Amino acid sequence: MSEQKQRMCVLLPCASNRHWAVPQNCLAEILTLPASDNNVPAQVRWRGVDIPVIDFADGSDLSWRDEKKGTGLIAVILGVRGAGPDYWGVALRGEGLSVRQLDADECDDRADAMQEYALAAFELDGQVYQVPDLPALQGLAMERSTAATA
């Protein structure tokens with residue numbers, strides 16, 4: 001298979017109705033933070049820098065806080081230089097966090113399922129994934145640097 005048809009991606013569960021597939025080189029780190037409740041912080045301190053956090057909570061019963069561990073996960077995304085914060089975060093909710101080499105042949109186009117801030121959508125193994133517009137979301141993170149929800 002050609003390298004054009006395959007890409008190493010990180011699958012991020014952002015809400016019950018919002019799963020992202022991002023290129024692995026766009027992800028800086030997954031943070032595990034202590035969480036005493038289900039409130040996602042508006043920003044987190046990461047490597048000496050305060051970064052804004054977006055939360056796509058959809059009112060479902062998916063908790064940000066893992067009850068057993070007392071922690072929550074934030075994916076730190078590498079920003080586009082000059083377009084806002086160098087890094088920003090997104091709260092992860094639910095199951096499905098993984099790294100996977102995706103082949104275009106195994107992904108079914110689902111343009112009909114595209115959500116706001118998505119460039120494309122596809123179905124893989126029965127789950128619809130969004131290819132997020134990371135520069136647009138970086139701008140949203142900058143606008144909402146003091147808010148915790150999108």
Side-chain angles (χ1 to χ4, degrees), residues 1-33 35 38-44 46 49-66 71-150:
M1 289 184 221
S2 74
E3 196 165 316
Q4 291 283 18
K5 293 177 73 176
Q6 293 184 339
R7 173 162 281 200
M8 190 64 76
C9 288
V10 182
L11 305 178
L12 301 173
C14 300
S16 64
N17 65 346
R18 190 177 296 261
H19 292 77
W20 289 357
V22 299
Q24 185 179 19
N25 61 355
C26 293
L27 180 71
E29 190 171 342
I30 302 288
L31 302 177
T32 302
L33 302 174
N38 202 34
N39 295 320
V40 175
Q43 63 182 17
V44 295
W46 176 72
V49 177
D50 289 328
I51 62 170
V53 175
I54 298 172
D55 182 15
F56 287 98
D58 59 1
S60 74
D61 59 357
L62 286 181
S63 178
W64 175 67
R65 180 179 186 265
D66 181 313
T71 59
L73 298 177
I74 302 287
V76 178
I77 308 292
L78 176 62
V80 176
R81 188 175 305 272
D86 290 337
Y87 298 92
W88 54 276
V90 63
L92 301 182
R93 294 175 174 270
E95 302 294 318
L97 174 62
S98 64
V99 177
R100 182 166 174 180
Q101 186 161 331
L102 297 182
D103 186 321
D105 293 336
E106 65 183 344
C107 301
D108 296 322
D109 182 39
R110 287 293 307 273
D112 63 307
M114 278 181 45
Q115 297 173 334
E116 186 177 18
Y117 300 108
L119 299 172
F122 64 91
E123 188 170 335
L124 175 69
D125 299 334
Q127 177 64 57
V128 175
Y129 291 92
Q130 306 292 315
V131 177
D133 183 344
L134 296 177
L137 287 160
Q138 180 181 0
L140 178 66
M142 187 170 73
E143 290 172 18
R144 297 179 174 260
S145 62
T146 58
T149 57

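We count residues from 1, following the sequence as given. These figures come from a predicted structure and were not determined experimentally.
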field: By side-chain hydrogen bond (donor to acceptor under 3.5 Å, both in side chains) - contacts of S63 (at least two apart)
entry: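 Partners of S63 by the side-chain hydrogen bond (donor to acceptor under 3.5 Å, both in side chains) criterion, ordered by chain and then number, come out as N38.
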message: List the residues meeting side-chain hydrogen bond (donor to acceptor under 3.5 Å, both in side chains) with D50, not counting sequence neighbours, and say none if there are none.
response: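 Checked D50 against side-chain hydrogen bond (donor to acceptor under 3.5 Å, both in side chains); matches are R45.
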- prompt: Just wondering, do I77 and L27 contact through their side chains at under 4.5 Å, heavy atoms?
  reply: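 The answer is yes; the side chains approach within 4.5 Å.
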message: Do L97 and V10 make a side-chain contact, defined as non-hydrogen atoms from C-beta onward lying under 4.5 Å apart?
response: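 Yes; the side chains approach each other to less than 4.5 Å.
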- prompt: If only atom types and distance count, is the side chain of W64 paired as donor or acceptor with the main-chain N or O of L73 below 3.5 Å?
  reply: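 Checked: pair present.
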query: Minimum heavy-atom separation for A121 to D109, with atom names?
result: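 Smallest interatomic distance, heavy atoms only, reads O-OD1, 3.4 Å.
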field: Considering all heavy atoms, the nearest P13-G94 contact
entry: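 Between these two residues, the closest heavy atoms are CG-O, 3.8 Å.
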- request: Among V44, L31, L33, find the one that has a side chain to side chain contact (heavy atoms under 4.5 Å, CB included) with V53.
  value: V44
Which distance, rounded to the nearest 0.5 Å, do you find between the [atom1] of [X] and the [atom2] of [Y]?
X	Y	atom1	atom2	answer
L92	D55	CG	CG	10.0 Å
D112	E123	CG	CD	9.0 Å
W20	F56	CH2	CZ	4.5 Å
L134	L78	CG	CG	9.0 Å
I74	E29	CD1	CD	12.0 Å
Q24	L11	CD	CG	11.0 Å

message: Would Y117 and L140 count as a side-chain contact (heavy atoms from CB on, under 4.5 Å) here? Give the steps.
response: CA-CA 10 Å; Y117 300 108; L140 178 66; 3.7 Å; yes
Tabulate below the donor-acceptor pairs under 3.5 Å that side-chain atoms of residues 124-132 make, not counting sequence neighbours, or state none.
| from | atom 1 | to | atom 2 | distance (Å) |
| --- | --- | --- | --- | --- |
| D125 | OD2 | R100 | NH1 | 2.5 |
| D125 | OD2 | R100 | NH2 | 3.4 |
| Q127 | NE2 | H19 | ND1 | 3.1 |
| Q130 | OE1 | Q115 | N | 3.0 |
| Q130 | NE2 | A113 | O | 3.1 |

message: A quick test of your reading: do over 12 heavy atoms of other residues, nucleotides or ligands sit less than 6.0 Å from CD of E95?
response: no
